[in-house]
Amino acid sequence: MLLLGGPIVVYNKYMERFAELYDAYVEKIYRFIYYKTLHKETAEDLTSETFFKALKNIKSFDSSRSFSSWIYKIAQNTVIDYYRTLKRTENIDDIWDLKDEDDFLKRIDDKIDIKRVKEHLSLLPSLQRDIIIMRIWQDMSYGEIAEVIGKSEDNCKVIYSRAIAKLRESISIISFILLISKI
């Protein structure tokens, strides 16, 4: 006997589960992307694109992997694609991204702090920078990071330790503390 509502019921359960995953990860993925773009609207757009790609390709998800590492890998690839297609002209209004109700001085201070963090992190190769962002600001385990970047867990620990040591050498301890606690 063929049930006419069968596929719709399965689809609705499938969508409910994806909605739960979206709710659990949307803020984390947004922050991950924001640290790579430092632009609110771009991060919002790329976050939406990441979840659209995930939904579109959910059937290819390997359940032996964690959803966390899978969605972060999609986000990482989405950011890479964005920078590949980015034109290097920017509108001054987009750079300042100020609204009337914003506290102007606080936003300036935040931009200066973000710029300092970005300068310190730019001293590192992109792999080390990504691992630091995922470990410190995304609070990801070494296992999750390993799945995202395609390296072993032990290798990720070594890369992280070397990156932290390199940062400690290049900046004062006070700046280092500010760096890892800022964003």
Side-chain angles (χ1 to χ4, degrees), residues 17-40 42-86 110 113-173 175-183:
R17 180 65 183 134
F18 190 82
E20 291 171 15
L21 291 169
Y22 175 86
D23 290 341
Y25 286 94
V26 69
E27 283 297 317
K28 293 175 183 178
I29 295 298
Y30 170 79
R31 285 192 314 263
F32 176 76
I33 293 172
Y34 181 79
Y35 295 138
K36 293 179 169 291
T37 63
L38 296 177
H39 189 261
K40 180 180 179 275
T42 300
E44 289 170 352
D45 290 346
L46 295 179
T47 300
S48 294
E49 190 175 330
T50 296
F51 280 96
F52 178 74
K53 287 178 180 179
L55 181 59
K56 183 178 165 187
N57 297 304
I58 196 73
K59 290 180 182 176
S60 69
F61 172 65
D62 178 6
S63 61
S64 67
R65 292 181 65 190
S66 73
F67 181 80
S68 177
S69 62
W70 185 68
I71 195 74
Y72 273 99
K73 187 67 174 175
I74 293 171
Q76 182 179 29
N77 289 338
T78 301
V79 171
I80 290 168
D81 291 345
Y82 166 75
Y83 278 114
R84 281 186 186 145
T85 61
L86 183 66
D110 288 348
D113 289 342
I114 289 171
K115 184 179 178 190
R116 284 183 29 218
V117 168
K118 189 177 178 183
E119 286 171 0
H120 290 299
L121 289 176
S122 72
L123 300 172
L124 303 173
S126 64
L127 180 61
Q128 288 180 342
R129 188 173 44 247
D130 287 347
I131 289 174
I132 285 179
I133 289 170
M134 287 186 259
R135 183 71 182 146
I136 294 174
W137 293 297
Q138 299 300 309
D139 198 30
M140 292 174 68
S141 71
Y142 287 111
E144 291 172 320
I145 295 169
E147 285 186 43
V148 170
I149 65 168
K151 303 245 182 223
S152 73
E153 202 171 321
D154 288 337
N155 196 345
C156 289
K157 290 176 184 178
V158 169
I159 292 169
Y160 176 81
S161 296
R162 289 180 181 164
I164 293 296
K166 186 173 182 179
L167 283 173
R168 283 185 182 142
E169 289 174 8
S170 66
I171 59 178
S172 72
I173 190 67
S175 295
F176 179 75
I177 291 169
L178 287 173
L179 173 71
I180 62 171
S181 66
K182 188 56 191 168
I183 295 183

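As the structure is a prediction and not an experimental result, all values here were calculated from the model.
Separating the CD1 atom in Ile33 from the CG atom in Asp45 is a distance of 10.0 Å, to the nearest 0.5 Å. Atoms CD1 and OG1, on Ile80 and Thr85 in that order, are 12.0 Å from each other to the nearest 0.5 Å. Of the inter-residue distances, the one linking Lys157 atom NZ with Arg162 atom CZ reads 14.5 Å to the nearest 0.5 angstrom. Taking OH of Tyr22 as the start and OG of Ser48 as the end, the distance is 6.0 Å to the nearest 0.5 Å. To the nearest 0.5 Å, the span separating CD1 on Ile159 from CD1 on Ile164 amounts to 13.0 Å.
In the model, Ser66 has a side-chain atom that pairs as donor or acceptor with a side-chain atom of Ser69 under 3.5 Å. In this structure, a donor-acceptor pair under 3.5 Å is present between the side chains of Gln138 and Tyr72.
Screening residues 125-137 for salt bridge (charged side-chain N to carboxylate O under 4.0 Å, His left out) gives Lys36-Asp130 as the qualifying pairs, with residues at least two apart or on separate chains. Screening residues 142-155 for salt bridge (charged side-chain N to carboxylate O under 4.0 Å, His left out), with sequence neighbours left out, gives Arg65-Glu147.
Side-chain atoms of Tyr34 and Glu44, non-hydrogen and from C-beta on, never get closer than 4.5 Å to each other. Using a 4.5 Å heavy-atom threshold, the side chains of Ile149 and Met134 count as touching.
Checked by atom type and distance alone, the side chain of Thr42 never pairs as donor or acceptor with a backbone atom of Leu38 at under 3.5 Å.
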Could you walk me through whether Gln76 and Phe32 pass the side chain to side chain contact (heavy atoms under 4.5 Å, CB included) test, one step at a time?
CA-CA 9 Å; Gln76 182 179 29; Phe32 176 76; 4.3 Å; yes
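Of all the heavy atoms in Thr50 and Ala75, the pair that sits closest is OG1-CA, 3.5 Å. Shown here for Thr47 and Tyr30, the closest heavy-atom pair between the two residues is OG1-CA, 3.3 Å. The two atoms that bring Ala163 and Leu124 nearest to each other are O-CD2, 3.9 Å, heavy atoms only. Closest non-hydrogen pair, Ile131 versus Cys156, comes out as CG2-O, 4.1 Å.
In this structure, Lys28 forms a cation-pi arrangement with Tyr25, its terminal cationic atom sitting closer than 6.0 Å to the ring centre and no more than 45° off the ring axis.
For Phe52, the CZ atom counts as loosely surrounded, since its 6.0 Å shell holds 12 or fewer non-hydrogen atoms of other residues, nucleotides or ligands.
In terms of the side-chain contact (heavy atoms from CB on, under 4.5 Å) criterion, residue partners of Glu49 (sequence neighbours excluded) are, by chain and number, Leu46, Lys53, Thr78.
Using cut-offs of 30° and 60° for the angle between ring planes, the Trp70 and Phe67 rings count as tilted.
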